[in-house]
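Order of the sequence lines fixes the chain letters, A, B, ..., with proteins taken first and strands second; residue numbering starts at 1 for each chain.
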Amino acid sequence: MEKRVRVRFAPSPTGGLHMGGVRTALFNYLFAKKHGGDFILRIEDTDQTRFVEGAEEYIIKALKWCGIEPNEGVGFGDGPHAPYRQSERKELGIYKTYADKLIASGHAYYAFDTSEELDEMRRRLEAAKVVAPQYNAVTRQNMRNSLTLPEDEVKNLMEGGAKYVIRLNVPRNEEIRFNDIIRGWVTVNSAQVDDKVLLKSDGMPTYHLAHIVDDIEMEISHAVRGEEWLPSAPAHILIYRYLGLEDQMPKLAHLPLILNPDGNGKISKREARFPVFPLSWQDPREATPYIGYKESGYYPEAFVNILALLGWNPGTNEEFFTVDQLAHIFEFERVHKSGAKFDPEKAKWFNQHYLRLKPDAELAEAFKPILKEKGFERDQEFMIQFCKLVKEKVQFVQEFWDHGKYIFIAPQAYDEKVMAKKWNDKSRDIFDAVVAQFEAVKDWQVEEITTHFHNAEAQVGKVDMQLLRVLITGVAGGPQLFDMLALMGKEEVLKRLGTALNKL
RNA sequence: GGCCCGUUCGUCUAGGGGUUAGGACACGUCCCUUUCACGGAUGAAACACGGGUUCGAUUCCCGUACGGGCUACCA
């Protein structure tokens, strides 16, 4: 019988969760949903030196904003496998038990080497032109560990409270083969795998031990993680095997990485000219905060949508998907092997799409504080009409201002290009007629404005609409002209036309 | 350097032994529009290279190049 699908997202709280992490979480979530399984949030806080205040809370908030909520785990309610923080699990002695099992079966050993001794070994090996210095079946013979030291010395060291780590006893030359859901069969020789530290000298497990123990204990069916873990997967296979748990091992899936749009490599928060964090993130150790997608004006729907299409596609020409839709069609078979460069331009396009789907009232609500900041306030009805008018031109709510500010602010100058091209000695008479017609408008609505505009044309000939636009707003572009005039109000429009005709 | 993984338009990608190699973003042109957009149409734009296998390879195999990841008592 197939195991119940249980997957986990297991970040370490060493900083803000960036978009690559969110995508890993997303794929886990989608897979769980598709198969009616569980999605777990586990916090891998085994490195006390890298712990960052606020990171865990950030992760939880970010997942909530994205709408990819775990149904079990830290911040989302304890399930049957609590606690979900590895530091707490360590206190329960869970990892030590497994490490001891490996010691007992001879598949792990104690090592007493200090960090100076390890550095020294690497220097020695580099000097001897060893290309990849590592603690392994060969080099461990020259180091201080329970495989090289006499039994009673090991015993004395242990009883004397000497610092030690527990290392995996990796065989010298053995083919390790595993099947990755996304990559297929991968083969590595154990000579390439070092004797990984399983338990650190502070008693904390390393990732390698901890995630395996927890995946087993939490009955994880699929370990879905980034490609950066592929090289250590063979060591993990060995650990499962030596623990006698190979048959319970989760299936592995290594996701391709999200790459920088320009230049090379993984997305780096420092160099990126676009947001890399879902929510703004302030690292307590750094002065400047990183602005998030949310604060940049992205909708979570847009953010998740673009992420989903990085490294995966449905095989159709469709591109817009809600999380729920994705949960029906997502499959690892359609996940790519190669990394995907992130395209900020396309991300904006996605946001534009979702913005247009928003009701005008919601947009008005969101734009209100921005407008207030600029020193203007209008009633709800005005705001709704304004948003309706301008929304076709923007990708973000904050752009309502740039694309519509001339509705609030009378022009100081008039677009020179348009004026030079279109203003001539007949213009004054023409616009005098327009003014006269506008003054006669009783009900200042689009329909009547249009009628009176046509009346003016009947009297003086064709009126250049772009010129009219420039006289009123100062700029050559903008929303639908008569709609805009209706919104601005008769008084304002006539005032502006008066000013313009005076100046020219 | 070593090991592992990868490589279709600038970018995200579809496809797959015989196709005019399809779509999307961005870009160009046109249409619609008495203004501005939306929209519609259209254009330019790709199978990294070299060997095999095959009647035929972009597709399968092998090399090369290039890119990425890893190479810690970090995850």
Name the orientation class of the two ring planes belonging to [X] and [Y] (parallel below 30°, tilted from 30 to 60°, perpendicular beyond 60°).
X       : Y       : result
F367(A) : F408(A) : tilted
Y298(A) : F396(A) : perpendicular
H353(A) : F320(A) : parallel

Measure from [atom1] on [X] to [atom2] on [N] and round the result to the nearest Å.
X       : N       : atom1 : atom2 : value
E345(A) : rU13(B) : CD    : P     : 17 Å
Q86(A)  : rC73(B) : CD    : C1'   : 15 Å
N313(A) : rG23(B) : CG    : C1'   : 11 Å
M204(A) : rC73(B) : CE    : C1'   : 13 Å
Q395(A) : rA37(B) : CD    : P     : 14 Å
F386(A) : rC36(B) : CZ    : P     : 19 Å
D483(A) : rU34(B) : CG    : P     : 14 Å
D195(A) : rC73(B) : CG    : P     : 11 Å

Item to complete: Take nucleotides 1-11 of chain B nucleotide by nucleotide from the 5' end and write B, S or -, depending on whether a protein heavy atom sits under 4.0 Å from the base, only from the sugar-phosphate, or from neither.
Response: BSSSSSS---S
Taking the side chain of [X] as its heavy atoms from C-beta onward, which of [options] lies nearest to it?
X       : options                   : value
N317(A) : rU34(B), rG22(B), rC73(B) : rG22(B)
Q480(A) : rG22(B), rU13(B), rC36(B) : rC36(B)
H454(A) : rG39(B), rC74(B), rU34(B) : rU34(B)
K200(A) : rC25(B), rG69(B), rC73(B) : rC73(B)
R122(A) : rG69(B), rC38(B), rC73(B) : rC73(B)

Checking all strands, does [X] fall into the base, sugar-phosphate, or nothing category for heavy-atom contacts under 4.0 angstrom?
X       : value
K266(A) : sugar-phosphate
A347(A) : nothing
L310(A) : sugar-phosphate
E457(A) : base
T14(A)  : nothing
F453(A) : base
T46(A)  : sugar-phosphate
H403(A) : nothing
G311(A) : sugar-phosphate
V197(A) : sugar-phosphate

Please measure how far the [atom1] atom in [N] lies from the corresponding atom in [M], and state the result in whole Å.
N       : M       : atom1 : value
rU53(B) : rG2(B)  : C1'   : 32 Å
rC70(B) : rG52(B) : P     : 38 Å
rC3(B)  : rA72(B) : P     : 16 Å
rA48(B) : rC32(B) : P     : 42 Å
rG43(B) : rC61(B) : C1'   : 39 Å
rU8(B)  : rU58(B) : C1'   : 8 Å
rA46(B) : rC9(B)  : P     : 9 Å
rG39(B) : rU33(B) : C1'   : 11 Å

Would you please confirm or rule out a distance under 4.0 Å between OP1 or OP2 of [N] and any side-chain N or O of [X]?
X       : N       : value
R167(A) : rC73(B) : yes
R225(A) : rC70(B) : no
R334(A) : rG15(B) : yes

Can you tell me the Watson-Crick or wobble partner of [N], both distances under 3.5 angstrom?
N       : value
rC3(B)  : rG69(B)
rC25(B) : rG10(B)
rG50(B) : rC62(B)
rG39(B) : rC31(B)

Discussion item. On RNA chain B, does the nearest nucleotide to Q466(A) precede the nearest nucleotide to A111(A) from the 5' side, or the other way round? Give the residue.
Written reply: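 Looking at RNA chain B, the more 5' nearest nucleotide goes with Q466(A).
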Discussion item. If you assign each of Y164(A) and V463(A) to its closest nucleotide in RNA chain B, which residue comes earlier from the 5' end?
Written reply: V463(A)
Worksheet item: Less than 4.5 Å apart, any side-chain heavy atom of F303(A) and any of N351(A)?
Response: no
Worksheet item: Hey, does I306(A) have a side-chain heavy atom less than 4.5 Å from the side chain of W349(A)?
Response: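 No - every pair of side-chain heavy atoms lies 4.5 Å or more apart.
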Worksheet item: When the aromatic ring centroids of H452(A) and F438(A) are compared, is their separation below 6.0 Å?
Response: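 Not close enough - the centres of the two rings lie 6.0 Å or further apart.
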Worksheet item: Can the ring centroids of F332(A) and F27(A) be said to lie less than 6.0 angstrom from one another?
Response: no
Item to complete: Let me see the working for V224(A) and I181(A) under side-chain contact (heavy atoms from CB on, under 4.5 Å), right down to the final yes or no.
Response: CA-CA 9 Å; V224(A) 184; I181(A) 297 174; over 6 Å; no
Fill in: Intermediate values then yes/no, side-chain hydrogen bond (donor to acceptor under 3.5 Å, both in side chains), Y84(A) and D214(A)
CA-CA 9 Å; Y84(A) 292 89; D214(A) 288 340; over 6 Å; no
Discussion item. If the threshold is 4.0 Å, N to carboxylate O, is there a salt bridge linking E319(A) and K346(A)?
Written reply: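 Result for this pair is yes, salt bridge flagged.
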Discussion item. If the glycosidic angle sits within 90 degrees of zero it is syn, else anti. Tell me which applies to rC38(B).
Written reply: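 rC38(B): syn.
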Practice prompt. Test for a donor-acceptor pair under 3.5 Å between the base of rC73(B) and the side chain of S115(A), counting only N and O atoms.
Written response: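 Check fails, no donor-acceptor contact within cut-off.
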Item to complete: Determine whether more than 12 heavy atoms belonging to other residues, nucleotides or ligands lie under 6.0 Å from atom NZ of K388(A).
Response: no
